[in-house]
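Below is one structure, written out as structure tokens; comments come after it.
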Number of protein chains: 2
Amino acid sequence: MVQSLNSGSNKIASERMRRKSEARRLDILRAAARVFRRSGVAAAGMREIAEEADLSPGNLYYYFAGKDELLFFCQDRTVDRMLEAAEAARASTMPVADQLRAVIRAHLHYTLEELEGATAHLEIDMLADDLRRTIIEKRDKYEHAVRALIAKGVKRGEFAPCDAALVARAMLGALNWTSRWYRPEGAQSVAAIAEGLADYLVRGVAAAAPAKTAPVRAVSGGRK
Amino acid sequence: MVQSLNSGSNKIASERMRRKSEARRLDILRAAARVFRRSGVAAAGMREIAEEADLSPGNLYYYFAGKDELLFFCQDRTVDRMLEAAEAARASTMPVADQLRAVIRAHLHYTLEELEGATAHLEIDMLADDLRRTIIEKRDKYEHAVRALIAKGVKRGEFAPCDAALVARAMLGALNWTSRWYRPEGAQSVAAIAEGLADYLVRGVAAAAPAKTAPVRAVSGGRK
DNA sequence: ATAGGATTAGAACCATGGTTCAAAGTTTGA
DNA sequence: TCAAACTTTGAACCATGGTTCTAATCCTAT
């Protein structure tokens, strides 16, 4: 799933050099992610990224094919981690509400804290068709995982009946939107924001009764 | 609040011409908004906008100072309408939950349906400093209005205690994110989406008990 | 120490796309 | 009908920014 970072046609000689090269690629990737987050993907220039990574603009192209690839790897890594987190939550034995909380926590962590992240769902438009397709595919898979989590909660009676697809999108929207207003120097920590959002977002699907298995009667949902 | 559409130094002669000119400006604005939504603000080119508005690229600049102004007017109009809707809701006498629902409905309407809208909160980055400042100011005002609505609901006991600021941001995030996935040709109508989202988003703050004035005991909020 | 590959720098290239311009066409008011 | 003002055009301008190129420098292995 996580393909080798080496993309080009480098015919590497020794193992030692390969290692060093790969490490450098990671450094650059992190620098790029930092710039992407700071300036926004569109505004981030290759020269700016190069400076952040402490190398010349031209040298960037020795390690990466272009801005596309840089952005792609950032997004790809992030989505992969979110997928892992969703799968881990799904496989756990805690109440679905807590599984959902775990996903929310991870999502915000990878969106706001991890150096690689923050641009996972943003600005996919600028990618070449094939790269974009890959990201969209994984992104959809992730969305489906969240949706499935909600549906499971409903089926178990832990959640109130609802349109799982729509609710999943609402949750992800609330989470993704944080990158628009979150500022590291702000008062609230990411962890605090995560708990606050989890409280609100999960409460929105929680069954009215404190039931654990009770097949609650259908409410809301069908107002026209 | 809604400043005259005439911005330039046009010394208009007759009233008749002024009217016609202003109407033309509106047509162009609508065309621009359509392109902004279809292609995204960044990808939307002046040539594309010109074609959509049925005039030459150069002619665009006779009516508008540039892409900035075009985008600004689109956003400004949309935010103004949302502000109006929020104020109307606030002034009404219905339960706060319904006031909130009204705001949600209006927000989605102006974001997804009105030709002028859809880019209200998006891509503010590309605006010149002074223009951006104006939009941000209004956007903040709007966010505060939503926040106030939530706080009012809590004070009245209609809503459960919560971090109003955070919840407001979550709601707005969920709403704004719709522009990322909504497709006019999709199965759900905007109205249906609005009701579904309102159900979920309002339920998240609704007081546990069906109370109307009951000072519910503080729940959630402080998990650390 | 030295050849050869790996790495680097920085200027130059070039496509994109916002914008300007000068000239021509159209409408209006007298 | 005529002149002035308004409108329109399409080519050209130009800044931005991703990318390429070439020559120099650094490392590693022998």
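Computed from a predicted model, the values in this text were never measured in an experiment.
In summary, of the residues considered (A:Arg18, A:Arg24, A:Lys20), a salt bridge (charged side-chain N to carboxylate O under 4.0 Å, His left out) with A:Glu22 occurs for A:Arg18 alone.
Atom CD1 in B:Ile49 sits roughly 18 Å away from atom P in C:dT16 (whole-Å rounding). Residue A:Phe64 contributes atom CZ, which lies 16 Å from atom P of D:dG18 at whole-angstrom precision. Rounded to a whole Å, the CE atom of B:Met126 is 18 Å from the P atom of D:dA15. In this structure, the CZ atom of A:Arg24 is 9 Å from the C1' atom of C:dT7, given to the nearest Å. Rounded to whole Å, the distance from CZ on B:Arg25 to P on D:dT8 is 13 Å. Distance, A:Glu51 CD to C:dG10 P: 12 Å, rounded to whole Å. We find that OH of B:Tyr62 is positioned 13 Å from C1' of C:dG25, with the value rounded to whole Å. Residue B:Arg19 contributes atom CZ, which lies 17 Å from atom C1' of C:dT28 at whole-angstrom precision.
In this structure, B:His109 places its NE2 atom where more than 12 heavy-atom neighbours from other residues, nucleotides or ligands lie under 6.0 Å away. The environment of B:Glu87 atom CD is dense: over 12 non-hydrogen atoms of other residues, nucleotides or ligands sit within 6.0 angstrom.
Between the side chain of B:Asn176 and the backbone N or O of B:Leu172, at least one donor-acceptor pair lies under 3.5 Å. Counting only distance, with no hydrogens or angles, the side chain of A:Lys138 and the backbone of A:Gln75 share no donor-acceptor pair below 3.5 Å. Using a distance-only test at 3.5 Å, with no hydrogens or angles considered, a donor-acceptor pair links the side chain of B:Arg132 to the main chain of B:Asp125. B:Tyr200 contributes a side-chain N or O that, together with a main-chain N or O of A:Leu201, makes up a donor-acceptor pair within less than 3.5 Å.
In this model, the phosphate group of C:dT28 is not approached by any side-chain N or O of B:Arg18 to a distance below 4.0 Å at OP1 or OP2.
B:Arg81 contributes atom CZ, which lies 12.0 Å from atom OG1 of B:Thr111 (distance to the nearest 0.5 angstrom).
Contact annotation for B:Ala44: backbone-only contact, meaning every heavy-atom pair under 4.0 Å involves sugar-phosphate atoms and none involves a base. Counting non-hydrogen atoms under 4.0 angstrom, B:Leu55 reaches the backbone sugars and phosphates but no base.
Rounded to 10 degrees, the angle between the two end axes of the helix from C:dA1-D:dT30 to C:dA30-D:dT1 is 10°, with five pairs used at each end.
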When you check every protein heavy atom under 4.0 Å of nucleotides 19-30 of chain D, what one-letter string (B, S, -) results, 5' to 3'? BB-------SS-
Give the table of side-chain donor-acceptor pairs shorter than 3.5 Å for residues 182-192 of chain B, with sequence neighbours excluded, one pair per line with atom names and distance.
{"unit_1": "B:Ser189", "atom_1": "OG", "unit_2": "B:Ala191", "atom_2": "N", "d": "3.4"}
{"unit_1": "B:Ser189", "atom_1": "OG", "unit_2": "B:Ala192", "atom_2": "N", "d": "3.0"}

